[in-house]
Amino acid sequence: QVTLVESGGGLVQAGGSLRLSCAASVSTFSSYAMAWFRQTPGKEREFVAAIGWTGTSTYYADSVKGRFTISRDNAKNTVYLQMNNLKPEDTAVYYCRTSGTFPQLSTFASWGQGTQVTVSS
């Protein structure tokens with residue numbers, strides 16, 4: 001089991017930027033692909049972005065492509081989500097998760113507790 005802790009959420013105006021971080025407490029961080037998901041009340045958790053083990057391969061949901069960038073620093077056991085040109089519809093709780101496979105995400109995963117992102121219009 002991997003413990004993940006997200007940070008960096010907050011309140012931002014539309015058009016602004018935020019950078020989320022997800023720190024993993026595991027020595028084998030580089031053996032996991034990582035992904036970000038988000039969830040709003042009453043809706044299922046939805047995929048945002050994923051990154052492979054070395055960080056050279058990434059893919060995104062169409063709704064964030066061109067605005068969000070996922071990256072990782074294996075030396076710091078951390079994955080990031082840079083969010084630019086934020087829109088009110090990006091408001092959600094953002095979660096990071098592990099994956100044993102990439103690009104298809106594994107069913108089994110460890111999840112963080114989430115960080116709230118609120119974008120005001």
Side-chain angles (χ1 to χ4, degrees):
Q1 187 77 6
V2 179
T3 300
L4 302 172
V5 178
E6 301 98 333
S7 60
L11 174 64
V12 64
Q13 289 188 333
S17 298
L18 282 174
R19 188 195 196 200
L20 306 184
S21 299
C22 171
S25 62
V26 64
S27 60
T28 56
F29 179 69
S30 60
S31 68
Y32 294 94
M34 298 295 296
W36 287 95
F37 280 68
R38 65 187 182 186
Q39 189 171 26
T40 54
K43 294 188 177 181
E44 289 191 1
R45 202 167 289 187
E46 68 170 357
F47 169 78
V48 175
I51 188 167
W53 301 273
T54 64
T56 56
S57 297
T58 60
Y59 65 100
Y60 300 88
D62 287 343
S63 59
V64 306
K65 202 172 295 184
R67 300 187 299 121
F68 290 12
T69 302
I70 187 171
S71 62
R72 66 189 295 162
D73 185 338
N74 286 343
K76 296 182 178 180
N77 286 4
T78 302
V79 62
Y80 304 98
L81 186 67
Q82 178 67 44
M83 306 185 294
N84 297 330
N85 190 21
L86 282 160
K87 305 176 180 180
E89 52 264 41
D90 294 319
T91 295
V93 177
Y94 283 72
Y95 299 88
C96 65
R97 59 153 286 181
T98 60
S99 177
T101 58
F102 184 85
Q104 183 170 354
L105 300 180
S106 56
T107 301
F108 178 79
S110 295
W111 292 86
Q113 84 290 346
T115 185
Q116 175 71 47
V117 171
T118 303
V119 184
S120 63
S121 57

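All values below were derived from every heavy atom in this structure, side-chain atoms included, with hydrogens, water molecules and symmetry-related copies excluded.
Taking CD of Gln113 as the reference point, atom CG of Leu4 lies at 8.5 Å (rounded to 0.5 Å). Rounding to the nearest 0.5 angstrom, the gap separating the OG atom in Ser121 from the CD atom in Gln13 is 9.5 Å. Separating the CH2 atom in Trp111 from the CD atom in Glu6 is a distance of 9.5 Å, to the nearest 0.5 Å. Interatomic distance, CE of Met34 versus CG of Asn74, reported as 10.0 Å (0.5 Å rounding).
A pairwise comparison of heavy atoms in Tyr60 and Ala49 identifies CD2-CB, 3.5 Å as the closest pair. In terms of heavy atoms, Ala92 sits closest to Thr40 at CB-CG2, 3.7 Å.
Between the side chain of Arg72 and the backbone N or O of Gly55, no donor-acceptor pair lies under 3.5 Å. Looking at Thr91, its side chain does come within 3.5 Å of a backbone N or O of Val119 through a donor-acceptor pair.
Remark: of the listed residues Phe68, Trp36, Tyr59, Tyr59 is the sole one forming a ring-ring contact (aromatic ring centres under 6.0 Å, His included) with Phe47.
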Just do the side-chain contact (heavy atoms from CB on, under 4.5 Å) check on Ile70 and Val79 with the steps written out, would you?
-> CA-CA 7 Å; Ile70 187 171; Val79 62; 3.9 Å; yes
Show your reasoning for whether side-chain contact (heavy atoms from CB on, under 4.5 Å) applies to Phe37 and Leu105.
-> CA-CA 12 Å; Phe37 280 68; Leu105 300 180; 3.8 Å; yes
Do any side-chain atoms of residues 93-104 form donor-acceptor pairs under 3.5 angstrom with protein atoms, and if so which ones, sequence neighbours left out?
from	atom 1	to	atom 2	distance (Å)
Tyr94	OH	Arg38	NH1	2.9
Tyr94	OH	Asp90	O	2.6
Arg97	NH1	Ser106	O	3.4
Arg97	NH2	Ser106	O	2.6
Thr98	OG1	Ser110	N	3.0
Ser99	OG	Thr101	N	3.2
Ser99	OG	Thr101	O	2.6
Ser99	OG	Ser106	N	2.9
Ser99	OG	Ser106	OG	3.3
Thr101	OG1	Gln104	O	2.5
Thr101	OG1	Ser106	N	3.1

Can you give each donor-acceptor pair under 3.5 Å made by side-chain atoms of residues 15-30, sequence neighbours left out, with the distance rounded to 0.1 Å?
from	atom 1	to	atom 2	distance (Å)
Ser17	OG	Asn84	OD1	2.9
Ser25	OG	Thr3	O	3.3

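Scored by the side chain to side chain donor-acceptor pair (under 3.5 Å) test, Glu89 finds no partners at all (sequence neighbours excluded). Residues that satisfy the side chain to side chain donor-acceptor pair (under 3.5 Å) test with Lys65, not counting sequence neighbours, are Asp62. With sequence neighbours left out, the side chain to side chain donor-acceptor pair (under 3.5 Å) criterion links Thr56 to Thr54.
Cluster partners of Phe108 are absent, since no Ile, Leu, Val, Met, Phe, Trp or Tyr has side-chain heavy atoms less than 4.5 Å from it.
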